[in-house]
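Predicted model only: the values in this text are computed from it and were never measured.
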Amino acid sequence: MRPRIGVYYFRILFFICGLSFVTGCRETPSQSSPSTPTGTATGFSIHKVSPNLTEVVVHTPWPDARTPFRYAFLDREAAARTTLDRDAYDAIILTPVASIIATSTTHIPALEALGELNTLKGFPDTRYISSPKARTMIAKGHIKDVGVNEAMNTESVLELHPELIIGFSINDQNASYDVLERAGIPIVYNGDWVERHPLGKAEWIRFFGVLFQKEELADSIYHQIAGAYESARSLASKAGSRPTVLSGAMYRDVWYLPAGESWAAQFIKDANGEYLWNDTRGTGSLSLSFESVLAKAAEADIWLGAAQFTAYDQLLGSNKHYQKFKAFNERKIFTISKTTGEEGGVLFYELAPNRPDIVLKDMIHILHPELLPDHDPVFYKPLDPFEK
């Protein structure tokens, strides 16, 4: 069995940049053939093998993963008459799934959109969840806190008897995941965070659709989001100007900002902005000196994503040299950190990957206010002014 892991997103960098197996059977499924791609996701594929069996291959559970994970999702009522080669799959899951543990806040919106939030029985460190519905369930004890993702409380998880764990990982080592798998709880990896394109992240709702036999609903939701995104992108292309854009902020002695091939850079491009580091390589973040950022972006028109800062006095208090930027002096700095859940979790980390259309509209409203004058920003808000 391959080693498994799940850990939290590195939140500081986000601030700075955003069954058991089935046996004894009588019916063998037909040969699988890949379904026609319907979106931009590259990290997974869905194969409808038969009316009762769907295979999901997760190609990229984490960056630079060398081996894909293959999962079989089998209708419960057909299990007794279906023969599967358990060695051909990393897990075999009976559907619709009745109880799960999720491990990333990005899983919450998909569950909620599909009407399956009630299946969520546990989550590592529930304080990061922003969804009002999920918070109500937490308060009532319907969603239990199971520790921290990189070292989940295995006893707490086993007490919940989940049918599977939706895993998040950055590599292939995690002791608690190994223990839980040996106890018979399958780990099914979700690699939404590795996708490069905003719509690629959103398409992972189709992954969740398979779990609950709600493929058609998941497809419909995705296509609605993709359609709204493309309409917004088309609108942005009609703008008569392309404002220059700066992003990120200092953390200790390093300024972190999105690399040119990242999903954040794609948003700026689709909003018809000129991201000043658009020509850099990489899908993660760049680590730069203050001086190099100032030399390139002192005259940037807009500053998007000022890390954890929510007010100008906070920003200036952390580094007086921020006032050398045009965007600072013209009060054109916007942050994602003002929209939070009741426990302080930043909504952007939870909902933005699922709703890229809203993120794009926020950016268009900022970069080209004449195009979306009535849009009420959800994620990107201006920093609070200086206190008098």
Q: With side-chain hydrogen bond (donor to acceptor under 3.5 Å, both in side chains) as the test, would you mind laying out the steps for Ser292 and Ser289 before giving the verdict?
A: CA-CA 5 Å; Ser292 66; Ser289 67; 3.2 Å; yes
Q: Taking the six-membered ring for Trp, are Tyr189 and Trp62 closer than 6.0 Å centroid to centroid?
A: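 They qualify: ring centres under 6.0 Å apart.
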Q: Taking atom types as modelled and ignoring hydrogens, do the side chains of Asp270 and Tyr229 form a donor-acceptor contact shorter than 3.5 angstrom?
A: yes
Q: Taking atom types as modelled and ignoring hydrogens, do the side chains of Asp75 and Thr95 form a donor-acceptor contact shorter than 3.5 angstrom?
A: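 Distance-only check fails for Asp75 and Thr95.
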Q: For Lys133, does the NZ atom sit with more than 12 other heavy atoms under 6.0 Å from it, leaving out its own atoms?
A: no
Q: Does a side-chain heavy-atom distance below 4.5 Å link Tyr222 with Asn354?
A: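 A side-chain contact is absent here, since even the closest heavy-atom pair is not under 4.5 Å.
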Q: Within the 3.5 Å criterion, strictly below it, is a donor on Thr105 or His107 matched to an acceptor on the partner's side chain?
A: no
Q: Quick check: are there more than 12 heavy atoms from other residues, nucleotides or ligands sitting under 6.0 Å from NZ of Lys332?
A: no
Q: Between Ile129 and Ile108, what is the shortest heavy-atom contact and its length?
A: CD1-CD1, 4.2 Å
Q: When you look at CG of Asp64, are more than 12 heavy atoms from neighbouring residues, nucleotides or ligands closer to it than 6.0 Å?
A: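 No, because the 6.0 Å sphere around CG of Asp64 holds 12 heavy atoms or fewer from other groups.
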Q: Please report the closest heavy-atom contact between Ile302 and Ala327, naming both atoms and the distance.
A: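 Reported closest heavy-atom pair: C-CB, 4.3 Å.
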Q: Less than 4.5 Å apart, side chain to side chain, heavy atoms only: is that true for Thr54 and Glu215?
A: yes
Q: May I ask you to decide if the ring planes of Tyr380 and Phe348 are parallel, tilted or perpendicular, using 30° and 60° as cut-offs?
A: perpendicular
Q: Is there a side-chain contact between His59 and Phe69 (heavy atoms, below 4.5 Å)?
A: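 Result no, sub-4.5 Å side-chain heavy-atom pair not found.
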Q: Ring centres under 6.0 Å, that's the criterion: do Trp255 and Trp277 meet it?
A: no
Q: So does Lys144 have more than 12 non-hydrogen atoms from other groups sitting under 6.0 Å from NZ?
A: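 Counting other residues, nucleotides and ligands, NZ of Lys144 stays at 12 neighbours or fewer.
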Q: More than 12 foreign heavy atoms under 6.0 Å from CZ of Arg135: is that the case here?
A: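 Atom CZ in Arg135 is crowded, with more than 12 foreign heavy atoms closer than 6.0 Å.
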Q: Could you check whether Glu163 and Ser99, counting side-chain N and O atoms only, form a donor-acceptor pair closer than 3.5 Å?
A: no
Q: Tell me whether Arg281 is salt-bridged to Glu261, with the criterion being a basic N under 4.0 Å from an acidic carboxylate O.
A: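 A salt bridge is present here (some side-chain N lies under 4.0 Å from a carboxylate O).
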Q: Looking only at heavy atoms, which two atoms of Leu383 and Ala311 are closest? And how far apart?
A: CD2-N, 3.8 Å
Q: Would you indicate whether Lys269, at its atom NZ, is surrounded by more than 12 heavy atoms from other residues, nucleotides or ligands within a distance under 6.0 Å?
A: no
Q: Could you walk me through whether Ser237 and Asn272 pass side-chain hydrogen bond (donor to acceptor under 3.5 Å, both in side chains), step by step?
A: CA-CA 6 Å; Ser237 70; Asn272 202 6; over 6 Å; no
Q: Between the main-chain N or O of Pro243 and the side-chain N or O of Ser241, is there a donor-acceptor pair closer than 3.5 Å?
A: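 Such a contact is absent between Ser241 side chain and Pro243 backbone.
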Q: So, for Leu158 and Ala183, which heavy atoms are closest and what is the spacing to 0.1 Å?
A: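 Reported closest heavy-atom pair: CD2-CB, 3.7 Å.
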Q: Tell me whether the count of non-hydrogen atoms from other residues, nucleotides or ligands lying under 6.0 Å of CD in Glu370 goes above 12.
A: yes
Q: Scan Val210, Leu164, Ile166 and name whichever one has a side-chain contact (heavy atoms from CB on, under 4.5 Å) with Val97.
A: Leu164
Q: Quick test of your reading of the model: are Asp362 and Lys381 salt-bridged, counting only N-O distances below 4.0 Å?
A: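 Between Lys381 and Asp362 there is no salt bridge, as every charged N stays at least 4.0 Å from the carboxylate O atoms.
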Q: Tell me whether the guanidinium CZ or amine NZ of Arg331 lies under 6.0 angstrom from the six-membered ring centre of Phe328 and within 45° of its axis.
A: yes
Q: Between the side chains of Ser131 and Glu112, is a donor N or O closer than 3.5 angstrom to an acceptor N or O?
A: yes
Q: Does NZ or CZ of Lys201 fall inside the cone over Trp263's six-membered ring, less than 6.0 Å from its centre and within 45° of the axis?
A: yes
Q: For the residue pair Leu294 and Phe325, establish whether any side-chain heavy-atom pair is separated by less than 4.5 Å.
A: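 Of all side-chain heavy-atom pairs linking Phe325 with Leu294, at least one is under 4.5 Å.
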Q: Establish, from distance only, whether the side-chain atoms of Gln314 and Thr310 form a donor-acceptor pair under 3.5 Å.
A: yes
Q: Quick one: do Glu55 and Lys48 make a salt bridge, cutoff under 4.0 Å?
A: no
Q: Answer with yes or no after comparing the ring centroid distance for Phe334 and Trp303 against a 6.0 Å cut-off, counting only values under it.
A: no
Q: Of the non-hydrogen atoms in Leu372 and His365, which two are nearest, and what is the gap between them?
A: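 In terms of heavy atoms, the two residues are closest at O-ND1, 2.7 Å.
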